[in-house]
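Numbered from 1 within each chain, the chains take letters A, B, ... in sequence-line order.
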2 protein chains.
Amino acid sequence: MMELTRKGEYAIRGIVYLAGRPLDKVCLLSDIATAVDVPPTFLAKIFQQFSKIGLVKSFRGTGGGFLLGRPAENITLLEVVEAVEGPIVPNRCVAAPAECERSGYCNVHPVWRQVQLEIKSVLEGVSLRELVENSK
Amino acid sequence: MMELTRKGEYAIRGIVYLAGRPLDKVCLLSDIATAVDVPPTFLAKIFQQFSKIGLVKSFRGTGGGFLLGRPAENITLLEVVEAVEGPIVPNRCVAAPAECERSGYCNVHPVWRQVQLEIKSVLEGVSLRELVENSK
DNA sequence: ACATAAAAGGATAAATAATGTCTTTTAGGG
DNA sequence: CCCTAAAAGACATTATTTATCCTTTTATGT
């Protein structure tokens with residue numbers, strides 16, 4: 001339970017790597033995949049999701065590849081994770097309160113809500129910039 | 001990602017119900033299952049896990065059933081969840097740091113560690129007593 | 001225009017995990 | 001000895017995760 005999937009792990013590895021590259025040089029997906037040791041086809045799907053919401057910018061054709069969509073300090077770990085895993089919902093009743101009404105009011109609900117807030121708070125407090133800096 | 005499974009949800013429902021029953025009367029599994037709307041065979045597995053670690057006491061045969069293993073105020077939501085879901089590990093690198101050594105030191109690791117602490121902290125702060133009281 | 005490069009998108013397959021059932025075994029009470 | 005009820009293990013089903021492959025679209029250079 002409560003475990004990041006491979007997809008999420010790969011997503012972080014990939015975008016952190018990209019964030020650590022020179023800003024003006026587009027990165028080939030295949031190069032990123034090799035560098036962070038992720039199946040290229042899988043990473044492609046992940047970067048497509050990033051691209052849709054603007055976390056990265058993509059360029060097709062010769063000389064194409066990927067650039068970070070915004071400065072690394074403006075991208076939080078929460079955004080990266082939610083981009084590929086969907087919203088952080090420790091229990092489905094938090095996502096869909098309607099399903100919580102099994103027998104009136106559910107007193108566990110506020111606890112899960114609190115868990116959700118804490119997780120989001122931690123992940124939101126970390127930017128790609130910080131993740132890159134330490135590794136240099 | 002990060003979502004409680006049905007098993008965890010059922011586990012909470014079941015033991016909270018038990019905690020709300022008179023202390024000295026053993027509860028039939030079938031009655032609990034009916035009350036909290038969970039498949040009886042599935043709930044049986046869950047209560048077996050509870051029993052092994054003493055969260056509940058079980059009695060076989062005629063007049064048998066289940067009792068809470070300790071006073072409700074001494075059982076935390078964390079214990080209940082971990083009993084059936086295993087330890088709270090938001091990323092496998094937190095459970096097995098060895099796998100984190102992909103390329104030297106992983107700078108995301110401390111973040112997941114922090115997430116783990118926060119989740120555990122919230123769940124540890126809630127006892128079955130509190131969950132029962134509100135519902136009355 | 002044409003050939004090439006690279007991402008986008010869709011369909012599908014394999015592996016793993018979640019969910020649930022069934023049957024047999026063990027223990028206790030009458 | 002017989003009935004009840006939980007324990008334990010094997011099995012079945014479904015859903016999700018983790019990929020892979022193939023075609024299409026878009027861009028660049030010649």
Give the rounded distance in Å between these two atoms: CD1 of B:Ile32 and P of D:dA5.
13 Å
Roughly, in whole Å, what's the span from CG in A:Leu28 to C1' in C:dA7?
10 Å
Side chain of A:Arg6, base of D:dT18: donor and acceptor closer than 3.5 Å?
no
Choose from D:dT20, C:dG20, D:dA19 the nucleotide whose nearest atom is closest to any side-chain atom of A:Phe42.
D:dA19
With the side chain defined as heavy atoms from C-beta on, B:Tyr10 is closest, among D:dA7, C:dA6, C:dG20, to C:dG20
Whichever of A:Lys45 and A:Phe66 has its nearest DNA chain C nucleotide further upstream toward 5':
A:Phe66
Output the single nucleotide from C:dA8, C:dT21, C:dT19 whose closest atom is nearest the side chain of B:Lys7.
C:dT19
What is the separation between atom CD1 on A:Ile46 and atom P on D:dT20, rounded to the nearest whole Å?
12 Å
How close or far is atom C1' of C:dA6 from atom CD of A:Gln48, stated in whole angstroms?
12 Å
Under the 3.5 angstrom rule, does the side chain of B:Glu9 hit a backbone N or O of A:Asn91 as a donor-acceptor pair?
no
I need the CZ-C1' distance between B:Phe47 and D:dA8, as an integer number of Å.
17 Å
Does a salt bridge link B:Glu79 with B:Arg70, judged by any charged N lying under 4.0 Å from a carboxylate O?
yes
Distance check: side-chain N/O of B:Ser58 vs OP1/OP2 of D:dA5, anything under 4.0 Å?
no
Under 4.0 angstrom, heavy atoms only, what part of the nucleic acid is A:Lys57 near: base, sugar-phosphate, or nothing?
nothing
Atom pair CD/CD1 of B:Glu3 and A:Ile88 - distance to nearest 0.5 Å
10.5 Å
Classify the nucleic acid contact of A:Ser30 as base, sugar-phosphate or nothing, counting any heavy atom under 4.0 Å across all strands shown.
nothing
Is there a donor-acceptor pair under 3.5 Å between the side chain of B:Glu73 and the backbone N or O of B:Ser127?
no
Check this for me: does the side-chain of B:Thr62 come within 3.5 Å of the base of C:dG28 through a donor and an acceptor?
yes
Between D:dT17, C:dG20, C:dA6, spot the one nearest the side chain of A:Thr5, thanks.
D:dT17
